[in-house]
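The next block holds one structure in the form of structure tokens; read it before the comments.
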Amino acid sequence: MKEESVRYQLFLPKGLAYRFEELAAKPGVSKSRILADAVAAWIDGQAQSDLEQRFGRRLDRLTLALGRVERDGQVTQETLGLFVRYQLMVQAPLPEADAAARAVGKDRFATFVRRVGEALAGGRRALSPDHLPGTGA
């Protein structure tokens, strides 16, 4: 079933009219089809431009935020990796008979887990200067 058409009368500048006539002179091409395709492409382009204006800035901000999250994750992973490597290479193992040292180690670990939980719950950053030992945090 053929779509119903509406007739329009329009005026084109001479230079554009010559180019339009040359294009329409090619076999299998009609002026109506050229104009219909051109108008559809222009309207579709306007809709995409509107979406870009509405959401472009927001997407740019989200992209920047995601980049910061990724960078922070890499810093955290590297810091943790270096700390664990240092601890495993430098710290001597505790003797089995040293119950007091093992108790201190368990207390320190419990404190560490508690502070990590508090920092995560409070949204604080562990690597910020105000959370380093000796700075009052």
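All values reported here derive from a predicted model rather than from experimental measurement. Every heavy atom of this structure was used, including side-chain atoms; hydrogens, water molecules and symmetry mates were not.
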Would [X] and [Y] show up in the same hydrophobic cluster when neighbours are defined by side-chain heavy atoms closer than 4.5 Å?
X	Y	value
Val116	Phe109	yes
Val39	Phe11	no
Tyr18	Leu23	no
Leu10	Ile34	yes

Counting only heavy atoms from other residues, nucleotides and ligands, does the tally under 6.0 Å from CZ of Arg19 exceed 12?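 Result for CZ/Arg19: open.
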
Is the number of heavy atoms from other residues, nucleotides or ligands within 6.0 Å of CZ (Arg58) greater than 12?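 Result for CZ/Arg58: open.
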
How long is the straight-line distance from [atom2] of [Y] back to [atom1] of [X], given to the nearest 0.5 Å?
X	Y	atom1	atom2	answer
Gln74	Arg71	CD	CZ	9.5 Å
Glu21	Leu16	CD	CG	10.5 Å
Glu70	Asp72	CD	CG	10.5 Å
Gln87	Leu82	CD	CG	12.0 Å
Leu66	Leu59	CG	CG	11.5 Å

Nearest heavy-atom pair of Lys31 and Ala24: which atoms, and what distance?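 For Lys31 and Ala24, the tightest heavy-atom pair comes out as CG-CB, 3.5 Å.
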
Is the shortest side-chain N to carboxylate O distance from Arg33 to Asp37 below 4.0 Å?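 Here Arg33 pairs with Asp37 in a salt bridge, since their nearest N and O are under 4.0 Å apart.
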
